[in-house]
Amino acid sequence: MKSDAKKYFFIPLLLAGGFTASYAQSSLLVNLNKNYQTGLELLDNEKYVAAAQQFKLVEQLRQKPGTQQESNSELSLLKENAKFYAAVCALELGNSDAESLFQNFIKDYPLIRIQNLPTFM
(Lines give C-alpha, C1' and ligand atoms only; values in the text may rest on other atoms or scores of the structure.)
Protein backbone atom coordinates (compact mmCIF):
# COMPACT_ATOMS: atom_id res chain seq x y z
CA MET A 1 0.00 0.00 0.00
CA LYS A 2 1.38 3.37 -0.96
CA SER A 3 1.98 6.07 1.59
CA ASP A 4 -0.60 8.84 1.43
CA ALA A 5 1.89 11.28 2.95
CA LYS A 6 3.78 11.64 -0.30
CA LYS A 7 2.55 11.30 -3.80
CA TYR A 8 4.83 11.80 -6.71
CA PHE A 9 3.53 13.51 -9.75
CA PHE A 10 5.88 13.00 -12.63
CA ILE A 11 6.19 15.33 -15.52
CA PRO A 12 5.94 13.12 -18.56
CA LEU A 13 9.01 12.81 -20.64
CA LEU A 14 8.09 12.57 -24.27
CA LEU A 15 10.69 11.10 -26.50
CA ALA A 16 8.47 10.84 -29.54
CA GLY A 17 9.20 12.34 -32.85
CA GLY A 18 11.54 11.78 -35.70
CA PHE A 19 14.95 10.80 -34.45
CA THR A 20 17.57 11.94 -36.88
CA ALA A 21 20.34 10.10 -35.11
CA SER A 22 21.91 6.98 -36.40
CA TYR A 23 20.23 3.65 -35.74
CA ALA A 24 22.69 2.82 -32.96
CA GLN A 25 22.09 6.15 -31.21
CA SER A 26 18.31 5.75 -31.59
CA SER A 27 18.52 2.24 -30.22
CA LEU A 28 20.53 3.49 -27.29
CA LEU A 29 17.97 6.21 -26.52
CA VAL A 30 15.13 3.70 -26.70
CA ASN A 31 16.89 1.36 -24.29
CA LEU A 32 17.78 4.15 -21.90
CA ASN A 33 14.23 5.46 -22.03
CA LYS A 34 13.04 1.96 -21.08
CA ASN A 35 15.42 1.96 -18.11
CA TYR A 36 14.18 5.41 -17.13
CA GLN A 37 10.49 4.47 -17.43
CA THR A 38 11.10 1.26 -15.46
CA GLY A 39 12.80 3.34 -12.78
CA LEU A 40 9.79 5.66 -12.59
CA GLU A 41 7.41 2.71 -12.23
CA LEU A 42 9.55 1.17 -9.50
CA LEU A 43 9.80 4.52 -7.70
CA ASP A 44 6.03 4.94 -7.89
CA ASN A 45 5.67 1.45 -6.36
CA GLU A 46 8.13 2.38 -3.58
CA LYS A 47 10.79 -0.10 -4.78
CA TYR A 48 13.57 2.38 -4.22
CA VAL A 49 16.62 0.12 -4.49
CA ALA A 50 15.56 -1.31 -7.85
CA ALA A 51 14.51 2.13 -9.09
CA ALA A 52 17.87 3.63 -8.13
CA GLN A 53 19.64 0.88 -10.09
CA GLN A 54 17.64 1.75 -13.23
CA PHE A 55 18.37 5.45 -12.84
CA LYS A 56 22.09 4.74 -12.35
CA LEU A 57 22.14 2.82 -15.65
CA VAL A 58 20.84 5.92 -17.41
CA GLU A 59 23.24 8.25 -15.60
CA GLN A 60 26.37 6.22 -16.35
CA LEU A 61 26.15 6.43 -20.13
CA ARG A 62 28.85 8.54 -21.73
CA GLN A 63 27.89 10.63 -24.73
CA LYS A 64 29.90 10.18 -27.89
CA PRO A 65 31.28 13.41 -29.36
CA GLY A 66 30.02 12.81 -32.90
CA THR A 67 26.34 12.16 -32.12
CA GLN A 68 23.46 14.29 -33.33
CA GLN A 69 22.61 17.38 -31.27
CA GLU A 70 18.91 16.46 -31.02
CA SER A 71 19.80 13.05 -29.60
CA ASN A 72 22.29 14.61 -27.20
CA SER A 73 19.66 16.95 -25.79
CA GLU A 74 17.21 14.07 -25.28
CA LEU A 75 19.96 12.02 -23.67
CA SER A 76 20.95 14.94 -21.44
CA LEU A 77 17.36 15.35 -20.26
CA LEU A 78 17.10 11.64 -19.46
CA LYS A 79 20.37 11.72 -17.54
CA GLU A 80 19.38 14.90 -15.70
CA ASN A 81 16.06 13.43 -14.57
CA ALA A 82 17.67 10.08 -13.70
CA LYS A 83 20.22 11.79 -11.47
CA PHE A 84 17.46 13.62 -9.62
CA TYR A 85 15.35 10.51 -9.12
CA ALA A 86 18.37 8.50 -7.95
CA ALA A 87 18.78 11.13 -5.23
CA VAL A 88 15.06 10.84 -4.37
CA CYS A 89 15.49 7.07 -3.99
CA ALA A 90 18.48 7.58 -1.68
CA LEU A 91 16.43 10.00 0.41
CA GLU A 92 13.51 7.57 0.65
CA LEU A 93 15.87 4.77 1.68
CA GLY A 94 17.46 6.97 4.32
CA ASN A 95 20.89 6.57 2.72
CA SER A 96 23.63 8.69 4.22
CA ASP A 97 24.63 9.94 0.75
CA ALA A 98 21.20 11.38 -0.12
CA GLU A 99 22.16 14.95 0.74
CA SER A 100 25.39 14.80 -1.27
CA LEU A 101 23.48 13.35 -4.26
CA PHE A 102 21.12 16.33 -4.20
CA GLN A 103 24.05 18.73 -3.80
CA ASN A 104 25.79 17.14 -6.79
CA PHE A 105 22.58 17.42 -8.81
CA ILE A 106 22.30 21.13 -7.98
CA LYS A 107 25.99 21.64 -8.79
CA ASP A 108 25.69 19.79 -12.13
CA TYR A 109 22.41 21.46 -13.13
CA PRO A 110 22.40 24.92 -11.50
CA LEU A 111 20.14 26.45 -14.13
CA ILE A 112 17.47 23.75 -14.07
CA ARG A 113 14.06 25.25 -14.55
CA ILE A 114 11.63 24.33 -11.83
CA GLN A 115 8.94 23.13 -14.25
CA ASN A 116 11.26 20.32 -15.38
CA LEU A 117 11.26 18.83 -11.90
CA PRO A 118 8.54 16.73 -10.32
CA THR A 119 6.36 18.26 -7.65
CA PHE A 120 5.90 16.69 -4.26
CA MET A 121 2.81 16.89 -2.13
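Computed over heavy atoms, backbone and side chain alike; hydrogens, waters and symmetry mates excluded.
Here the side chains of E46 and Y48 are in contact, with some heavy-atom distance below 4.5 Å. Using a 4.5 Å heavy-atom cutoff, the side chains of L77 and E74 are not in contact. Residues F84 and Y109 are not in side-chain contact: their nearest non-hydrogen atoms beyond the backbone lie 4.5 Å or more apart.
Annotation: side-chain contact (heavy atoms from CB on, under 4.5 Å) contacts of L57 (sequence neighbours excluded): N35, Q54. In this structure D108 satisfies the side-chain hydrogen bond (donor to acceptor under 3.5 Å, both in side chains) test together with K83, sequence neighbours excluded. Partners of I106 under the side-chain contact (heavy atoms from CB on, under 4.5 Å) rule, at least two apart in sequence or in another chain, do not exist in this structure.
For the atom pair CD (Q60) and CG (L32), the distance works out to 11.0 Å, reported to the nearest 0.5 Å.
Ring geometry for Y36 versus Y85: interplanar angle of 30 to 60°, hence tilted.
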Before you tell me yes or no, could you show the steps for L43 and C89 under side chain to side chain contact (heavy atoms under 4.5 Å, CB included), namely the whole-Å CA-CA distance, both residues' side-chain angles and the distance that decides it to 0.1 Å? CA-CA 7 Å; L43 180 63; C89 291; 3.7 Å; yes

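Cluster membership for L91 and L93, using ILVMFWY side-chain heavy atoms within less than 4.5 angstrom, is shared. The hydrophobic clustering, which links ILVMFWY residues whose side-chain heavy atoms are closer than 4.5 Å, places L78 and L42 apart.
Closest heavy-atom contact between A98 and A87: CB-O, 4.5 Å. Between A82 and E59, the closest heavy-atom pair is O-OE2, 3.9 Å.
Remark: side-chain polar atoms of N45 are paired, donor with acceptor, to backbone N or O of E41 under 3.5 angstrom.
No option in L40, V88, N81 other than L40 meets the side chain to side chain contact (heavy atoms under 4.5 Å, CB included) test with F55.
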